[in-house]
Undergrad: 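Please read through the structure below; I'll follow up with questions.
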Amino acid sequence: RIIFNAVLAHELLHVYLFQNQLTHLDSDVREGFCNLGSLEIYNSYNNQFSKIHTKSMYKNLDEAYGQEYRKFIKILEKEGWEKLIYLIKN
């Protein structure tokens with residue numbers, strides 16, 4: 001159930017990007033951003049299973065699912081969602 005919700009949140013952020021005409025973004029940027037949806041779900045459960053998945057996502061070496069994701073985490077933690085969305089759109 002937790003993984004399903006995390007994947008769903010990831011995919012819903014793809015829908016958000018599509019609905020806001022942001023599909024021109026590089027796929028690495030899109031995937032890194034959408035992984036934040038999964039992060040939010042795992043954080044909301046706050047259990048050992050979720051912590052393992054969050055740690056695994058953070059250690060991912062892939063350019064999109066790892067490197068871009070980590071860049072977005074830093075922005076999110078420092079600036080919040082509103083600023084992050086602004087940066088994505090501009």
Side-chain angles (χ1 to χ4, degrees):
R1 179 180 185 162
I2 296 172
I3 293 175
F4 174 82
N5 289 337
V7 171
L8 182 60
H10 175 102
E11 297 306 327
L12 284 172
L13 284 180
H14 279 292
V15 172
Y16 172 85
L17 294 174
F18 179 79
Q19 288 182 332
N20 287 276
Q21 292 82 41
L22 297 171
T23 55
H24 65 281
L25 298 170
D26 289 341
S27 65
D28 293 347
V29 172
R30 291 193 315 265
E31 294 303 337
F33 174 74
C34 291
N35 252 5
L36 295 176
S38 296
L39 176 66
E40 289 293 321
I41 295 300
Y42 288 133
N43 285 342
S44 74
Y45 281 94
N46 193 29
N47 60 28
Q48 190 61 29
F49 181 83
S50 296
K51 289 176 184 176
I52 290 168
H53 280 273
T54 300
K55 191 174 194 178
S56 175
M57 288 172 60
Y58 194 82
K59 289 183 175 182
N60 191 329
L61 299 178
D62 184 80
E63 189 171 335
Y65 295 97
Q67 293 174 9
E68 288 296 324
Y69 167 68
R70 286 187 294 276
K71 287 180 191 176
F72 285 124
I73 287 175
K74 289 178 185 175
I75 296 169
L76 182 60
E77 289 175 347
K78 183 178 179 185
E79 306 288 346
W81 278 103
E82 190 174 327
K83 177 73 172 191
L84 178 61
I85 298 295
Y86 174 81
L87 292 172
I88 290 284
K89 288 183 173 182
N90 297 297

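From a predicted model like this one, the values you see are computed outputs, not experimental measurements. Index from 1, following the sequence.
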Undergrad: Quick one: CD on E31 to CG on D62, what's the gap to the nearest 0.5 Å?
TA: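 One gets 9.0 Å once the value is rounded to the nearest 0.5 Å.
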Undergrad: Using side-chain heavy atoms (C-beta onward) and a distance below 4.5 Å, is K51 in contact with N46?
TA: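 They are in side-chain contact.
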Undergrad: Does Q19 offer a backbone N or O that forms a donor-acceptor pair with the side chain of Q21 under 3.5 Å?
TA: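 Indeed, once roles are kept as given, a pair shorter than 3.5 Å links the two residues.
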Undergrad: Run the ring-centre check on F49 versus H53 and record whether the distance is less than 6.0 Å.
TA: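 Ring-ring flag for F49/H53: true, centres closer than 6.0 Å.
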Undergrad: State plainly whether one hydrophobic cluster holds both Y58 and Y45, where clusters connect Ile, Leu, Val, Met, Phe, Trp and Tyr through side-chain heavy atoms under 4.5 angstrom apart.
TA: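 Shared cluster, yes.
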Undergrad: Can you name the nearest heavy-atom pair linking A64 to S27, along with the distance?
TA: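 In terms of heavy atoms, the two residues are closest at CB-O, 4.4 Å.
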Undergrad: Can you get from Y86 to Y16 by hopping between Ile, Leu, Val, Met, Phe, Trp and Tyr side chains that sit under 4.5 Å apart?
TA: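 In one cluster with Y86: Y16, yes.
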Undergrad: Side chains of Q48 and I52: closer than 4.5 Å at any heavy-atom pair?
TA: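 With C-beta onward as the side chain, the pair touches.
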Undergrad: I need the H24 NE2 to L17 CG distance, nearest 0.5 Å.
TA: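 Nearest 0.5 Å value for the NE2-CG distance: 9.5 Å.
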Undergrad: To the nearest 0.5 Å, what is the distance between CG on N60 and OH on Y65?
TA: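 The distance works out to 9.5 Å.
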Undergrad: Taking L25 as the starting point, is it possible to reach I85 by hopping between hydrophobic residues whose side chains are less than 4.5 Å apart?
TA: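 Yes; tracing contacts between hydrophobic side chains, which count when under 4.5 Å, links both residues.
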Undergrad: Over all heavy atoms of both residues, which pair between N35 and H10 is shortest? Give the atoms and the distance, please.
TA: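 Nearest heavy atoms, N35 then H10: OD1-ND1, 3.1 Å.
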Undergrad: Drop me the distance from K71's NZ to L76's CG, to the nearest 0.5 angstrom.
TA: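 These two atoms lie 16.0 Å from each other.
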Undergrad: Please check this pair: side chain of R30 against backbone of H14, looking for a donor-acceptor N/O pair closer than 3.5 Å.
TA: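 No.
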Undergrad: Looking at side-chain heavy atoms only, is the closest gap between M57 and Y42 below 4.5 Å?
TA: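 Yes; the side chains approach each other to less than 4.5 Å.
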Undergrad: Treating D26 as the side-chain partner and D28 as the backbone partner, does any N or O pair qualify as donor plus acceptor under 3.5 Å?
TA: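 No: the side chain of D26 does not pair with the backbone of D28.
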Undergrad: Which atoms form the tightest heavy-atom contact between E68 and V29, and what is the distance?
TA: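 Between these two residues, the closest heavy atoms are OE1-CG2, 3.9 Å.
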Undergrad: Does the side chain of N20 come within less than 4.5 Å of I88's, by heavy atoms?
TA: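 No, too far: nothing below the 4.5 Å cut-off.
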Undergrad: Would you call the rings of F72 and F33 parallel, tilted or perpendicular if under 30° counts as parallel and over 60° as perpendicular?
TA: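 Aromatic pair F72/F33 classed perpendicular.
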Undergrad: Nearest heavy-atom pair of S38 and A9: which atoms, and what distance?
TA: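 What the structure gives for the nearest pair is N-CB, 4.2 Å.
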Undergrad: If I compare all heavy atoms of A6 with all of I41, which pair ends up nearest, and what's the gap?
TA: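 Smallest heavy-atom distance, with atoms named: N-CG2, 3.7 Å.
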Undergrad: With heavy-atom distances below 4.5 Å as the criterion, would you say the side chains of Y69 and I73 are in contact?
TA: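 Side chain of Y69 against side chain of I73, heavy atoms only: contact under 4.5 Å found.
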Undergrad: Any heavy-atom pair between the side chains of K89 and L22 that's under 4.5 Å?
TA: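 Touching, per the 4.5 Å side-chain cut-off.
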Undergrad: Are L8 and L39 connected, step by step, through hydrophobic side chains (Ile, Leu, Val, Met, Phe, Trp, Tyr) whose heavy atoms are closer than 4.5 Å?
TA: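 No, because L8 and L39 fall into different hydrophobic clusters, even though each may have its own neighbours under 4.5 Å.
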Undergrad: Taking all non-hydrogen atoms of both residues into account, name the closest pair between L13 and L36 and its distance.
TA: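 It is CD1-C, 4.3 Å.
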